[in-house]
> 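Sharing a structure, written as structure tokens. Questions coming.
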Number of protein chains: 2
Amino acid sequence: MDALDRQIIAALRVNGRATYADLGRKVGLSASAVHERVGKLESTGVITGYHAVVDPRAVGLGVTALVGIQPTDTADDNEVAASLGELVEVESCYAVAGEEAFVVKVRVATVDDLEQALGRLRRISGVARTRTTVVLSTRFEGRPNSPEEDLGHAVEPPTQGA
Amino acid sequence: MDALDRQIIAALRVNGRATYADLGRKVGLSASAVHERVGKLESTGVITGYHAVVDPRAVGLGVTALVGIQPTDTADDNEVAASLGELVEVESCYAVAGEEAFVVKVRVATVDDLEQALGRLRRISGVARTRTTVVLSTRFEGRPNSPEEDLGHAVEPPTQGA
DNA sequence: ACTGAAAATCTAACATG
DNA sequence: CATGTTAGATTTTCAGT
């Protein structure tokens, strides 16, 4: 992992569909060299995937909430996490320090769906209580913490409500 | 936005580098047709970008925290959000209902860096107090809430600590 | 909107320095 | 590790339906 790798990674975080030729031009390497480096970054687990980012409202998921999960005294964290993973509404799941065992991000279409999703969360074995924070708007999300810029065909920026 | 679009979107969420030919095979269209549809999805803002996902530890960001931001009585939310956006450590920023104005996700290398980042957060004009929840492990993150599967060259799954 | 075809470009593998 | 080459795949455009 040298400076070139970091440049390549930064570029792929901004535009995950950048071609190897593009990346090569940007960092001053041949496409072949970039191809090889990216292959290694993938196989060593530095790059874990490539994903299209979709406006949640456009796919009917306009309601977002952050939910803290308080476990019962006898709860098994791994079992609870596995159960959380079975709910499609749960997009992300973090084990955290503090009174709560997990904080999860939930995305649903309506507040009715949120109510139902919270019901399902509370019904999970090992879950004692939930604490829900409704997201009013997403100011920005998943931002590359490296300096960002435009890369040809990128479709940024992400600044949407909820 | 018909069923075909939704299929294409789901596939691109799983593998953002899927080729148009792949997608066409998967949904039963020619590569040209898929190309045209994806172009429309991008220009209408349904697809907002494509991003490589990187193991945070591999890029020296092994410490994650969720931070609630309590505003002062006179704070301007938009100004505070803009200031939060200027800190590279702040990866995501949600305006929320409740006592706190925002919840942000912060990624840094060490707990020392976390302390410094929290200092910077508190020094933002309009920020009265912060409440920090340290992430112990990321069980899963940014999961497509649509049914997922393998698509050729995808590099999943994401199951990393912190 | 989709198909099919053609030109430009890119990927992926390999031989080489 | 990087480069250059090359065959095959892919992107992109466009005429036709």
Side-chain angles (χ1 to χ4, degrees), chain A residues 1-55 58-60 144 146 148-156, chain B residues 1-55 57-60 144 146 148-157:
Chain A
M1 270 273 287
D2 59 5
L4 256 35
D5 282 330
R6 275 185 285 274
Q7 276 187 267
I8 292 169
I9 289 169
L12 282 172
R13 289 192 63 166
V14 173
N15 179 10
R17 276 179 90 81
T19 67
Y20 298 126
D22 279 340
L23 296 169
R25 269 167 235 131
K26 179 160 275 199
V27 306
L29 285 180
S30 69
S32 311
V34 174
H35 181 242
E36 197 174 319
R37 279 171 178 263
V38 172
K40 273 179 196 162
L41 290 170
E42 290 172 355
S43 60
T44 57
V46 176
I47 294 176
T48 59
Y50 302 90
H51 302 282
V53 177
V54 173
D55 180 347
V59 293
S146 321
E148 49 192 310
E149 69 231 60
D150 63 314
L151 197 155
H153 162 252
V155 195
E156 301 270 1
Chain B
M1 269 272 288
D2 58 7
L4 256 36
D5 282 331
R6 274 184 285 274
Q7 278 186 266
I8 291 169
I9 288 168
L12 282 172
R13 289 192 62 167
V14 173
N15 179 10
R17 278 178 91 82
T19 66
Y20 297 124
D22 278 340
L23 296 168
R25 268 168 235 131
K26 181 163 273 200
V27 306
L29 285 179
S30 68
S32 313
V34 173
H35 182 242
E36 199 173 320
R37 279 172 177 262
V38 172
K40 274 178 196 162
L41 290 170
E42 291 172 354
S43 60
T44 57
V46 176
I47 294 176
T48 59
Y50 302 90
H51 302 282
V53 177
V54 173
D55 180 348
R57 287 170 304 181
V59 293
S146 321
E148 49 192 309
E149 69 232 59
D150 63 314
L151 199 154
H153 162 254
V155 196
E156 302 269 4

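This is a predicted model, so every value here is computed, not measured. Here is how names work: the chains are called A, B, and so on, in the same order as the sequence lines, proteins then strands, and each is numbered from 1.
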> With A:R6, which residues qualify under salt bridge (Lys or Arg N to Asp or Glu O under 4.0 Å), at least two apart?
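With sequence neighbours excluded, A:R6 shows a salt bridge (Lys or Arg N to Asp or Glu O under 4.0 Å) to no residue whatsoever.
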
> Return the value, rounded to whole Å, for the distance between atom CG of A:D5 and atom P of D:dA2.
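Distance check: A:D5 CG to D:dA2 P gives 8 Å.
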
> Rounded to whole Å, how long is the line connecting atom CG of B:L23 with atom P of C:dT3?
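It works out to 14 Å between those atoms.
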
> Might you point out which heavy atoms bring A:K26 and A:Q7 nearest each other, and give the distance in Å?
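Residues A:K26 and A:Q7, closest heavy atoms: O-NE2, 4.2 Å.
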
> So how far is it from A:L12 CG to A:R17 CZ, rounded to the nearest 0.5 Å?
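These two atoms lie 12.5 Å from each other.
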
> So which protein N/O to nucleotides 15-17 of chain C N/O distances come out below 3.5 Å?
none

> Choosing from C:dC10, C:dA12, C:dA1, which nucleotide comes nearest the side chain of A:T19?
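When the side chain of A:T19 is considered, C:dC10 is the closest of C:dC10, C:dA12, C:dA1.
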
> Looking at every non-hydrogen atom in both residues, tell me the closest pair between A:R13 and A:P144 and how far apart they are.
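Looking at all heavy atoms of both residues, the shortest contact is NH2-CA, 3.5 Å.
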
> Pairs counted only when both distances fall under 3.5 Å, Watson-Crick or G-U: show me the 5' to 3' dot-bracket for DNA chain D, [ ] for pseudoknotted crossings and | for other-strand partners.
|||||||||||||||||

> Treating A:T48 as the side-chain partner and B:D55 as the backbone partner, does any N or O pair qualify as donor plus acceptor under 3.5 Å?
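Judged by distance alone, no pair lies under 3.5 Å.
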
> Whole angstrom is fine here: how far is it from CZ in A:R37 over to C1' in C:dA13?
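So the two atoms are 19 Å apart, to the nearest Å.
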
> Between atom CG in B:L29 and atom P in C:dA1, what is the gap in whole Å?
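In whole Å, C:dA1 P and B:L29 CG are 12 Å from each other.
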
> When the side chains of residues 27-37 of chain B are checked against the rest of the protein, which donor-acceptor pairs come out under 3.5 Å, sequence neighbours left out?
residue: B:S30; atom: OG; partner: B:A33; partner atom: N; Å: 3.2
residue: B:R37; atom: NH1; partner: B:D2; partner atom: OD1; Å: 2.8
residue: B:R37; atom: NH1; partner: B:D2; partner atom: OD2; Å: 3.3
residue: B:R37; atom: NH1; partner: B:D5; partner atom: OD1; Å: 3.0
residue: B:R37; atom: NH2; partner: B:D2; partner atom: OD2; Å: 3.1

> Please confirm whether the shortest side-chain N or O distance from B:H35 to OP1 or OP2 of D:dT11 is below 4.0 Å.
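Indeed not, no polar side-chain atom of B:H35 lies that close.
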
> Could you check how far CZ of A:R25 sits from C1' of C:dT11, rounded to whole Å?
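Rounded to the whole Å, the gap is 13 Å.
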
> Any protein N or O atoms within reach of nucleotides 4-7 of chain D? Criterion: under 3.5 Å, listing atom names and distances.
residue: D:dG4; atom: O6; partner: A:S32; partner atom: OG; Å: 3.3
residue: D:dT5; atom: O4; partner: A:S32; partner atom: OG; Å: 3.4

> Do you know the tightest heavy-atom contact between B:I47 and A:A52?
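Scanning both residues completely, I find the closest heavy atoms to be CG2-CB, 4.4 Å.
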
> For a 4.5 angstrom cut-off between non-hydrogen side-chain atoms, does A:M1 reach A:L41?
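Counting from C-beta outward, A:M1 and A:L41 do come under 4.5 Å.
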
> If you compare every side-chain N and O of A:R17 against the phosphate oxygens of C:dT11 (OP1, OP2), does one of them come in below 4.0 Å?
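No.
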
> Any idea which heavy atoms bring B:Y50 and B:G16 closest together, and the distance?
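The pair with the smallest heavy-atom distance is CD2-O, 3.7 Å.
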
> Using whole Å, what does the distance between atom C1' of nucleotide C:dC2 and atom CG of B:L4 come to?
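So the CG-C1' distance, B:L4 to C:dC2, works out to 11 Å.
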
> What is the minimum heavy-atom distance between B:D22 and B:R25, and which atoms define it?
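That would be OD1-NH1, 2.8 Å.
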
> Could you say whether A:A21 or A:E36 is positioned toward the 5' end of DNA chain C, judged by the nucleotide with the nearest heavy atom to each?
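Result of the comparison: A:A21.
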
> Taking atom P of C:dT9 as reference, at what distance in whole Å does atom OH of B:Y20 sit?
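One finds 16 Å between P of C:dT9 and OH of B:Y20, rounded.
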
